[in-house]
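What follows is a short report on a single structure.
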Amino acid sequence: MSQNNLIDGRAIAAQIQGELTQRIAALKARGVQPGLAFVRVGEDPASKVYVGRKEKTSGELGIFSETHVLPEATSAADLLKLLAKLNADSRLHGILVQAPLPKQIRQEVIYATVLPEKDVDGFNPVNVGKLMLGDDTGFKPCTPAGVMELLIRSNVKTDGAEVVILGRGNIVGKPMAAMLCQKGRHANSTVTICHSATRDLKAHCRRADIIVAAMGVAEFVKADMVKPGATVMDVGVNRIADATSKTGTRLVGDVAFAEVQPIAGRITPNPGGVGPMTIAMLMQNTVRAAEQAT
Ligand code: GUN
């Protein structure tokens, strides 16, 4: 199949950001500027890049943002103290603590501390629970929400579709399954979550109408795992060695793109697919948090 089976995440993210510009202008007319705090602990290179992109997009949209960088050795108590301050700061409508966190900090304690109404990441147990209950008043995690938006805006039919999700993580796999199996026109899928203990993963994949690859293994999904015409959503970001590149490495997804693209009905490029949507959905959650706070 030709190039035109691509699901262009950059274009769809730009469209969403265009919609947000109007909502941000309306807030500003009422004297409110949406505000977002980023918290990064340690010097994980990928986290630096991700937070940097989120800061940049915030600035472009006119969302106020501030970034707090704490050293790798930070204690949970120090991080909780910072979160108490951010929770109480009325200029801030959203708070994002970039994962992964260092080993001495229990992630679940941190995410439970971010106020549910400022939890634009959708990681607080209240928002996780609302997602499971199909209660749309909560915030949904940005990456799976971005995949949903790509499917909807690309007219990929999920109603009755067989979906295979590769990966069972809290950030993508599990919330993705909750969104897709929800009753509703833009969901209603039959969802299978595959993971490291799945027997005959290839057989599951081969009967999928939609594959969401989010297990973090470079170029794992090969052509012989994909049913002709299936939609393939690649969430992975993996750095692999590449002697031909200046840096000696390059980023690839969880899908072997070159061999899968000709077989897939629709496919996300990577980069330029799911990644930009994660940021667009974070911006959307932040604007909604600001609207609801005022
Ligand atoms: N690390 C990888 N993805 C995410 C995300 O969506 N939010 C946060 N906070 N950390 C992440």
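Please read these numbers as outputs of a predicted model, since none were measured by experiment. Just follow the structure's listing: the first ligand is 1, and inside any ligand the first atom is 1.
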Can you pull out the closest protein heavy atom to atom 11 (C) of ligand 1? Residue, atom name and distance to 0.1 Å, please.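 Of the protein heavy atoms, Q98 NE2, 3.4 Å lies nearest.
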So which heavy atom in the protein is nearest atom 3 (N) of ligand 1, and how far is it from that ligand atom?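 Checked against all protein heavy atoms, atom 3 (N) of ligand 1 sits closest to I171 CG2, 3.9 Å.
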Applying the 4.5 Å side-chain criterion to the ILVMFWY set and letting contacts propagate, would F64 and L36 be lumped into a single cluster? yes
With sequence neighbours excluded, tell me which residues meet side-chain hydrogen bond (donor to acceptor under 3.5 Å, both in side chains) with Q15. none
Identify, with sequence neighbours excluded, every residue that meets side-chain hydrogen bond (donor to acceptor under 3.5 Å, both in side chains) alongside S245. T247
Looking only at N/O atoms, are T278 and ligand 1 under 3.5 Å apart anywhere? no
Record the part of [X] in heavy-atom contact with ligand 1 below 4.0 Å; permitted values are side chain, backbone, both and neither.
X   : result
Y50 : neither
A99 : both
V97 : backbone

Contact atoms of ligand 1, heavy-atom distance to L96 under 4.0 Å: 9 (N)
Could you list the atoms of ligand 1 found under 4.0 angstrom from a heavy atom of D121?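 The list of qualifying atoms is 5 (C), 6 (O), 7 (N), 8 (C), 9 (N).
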Taking NZ, NE, NH1 and NH2 as the nitrogens, is one of them in E43 or K48 under 4.0 Å from a carboxylate oxygen of the other? yes
Please report the closest heavy-atom contact between V237 and L251, naming both atoms and the distance. CG1-CD2, 4.0 Å
Taking side chain as C-beta onward, heavy atoms only, is F139 less than 4.5 Å from T286?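 No, side chains not in contact.
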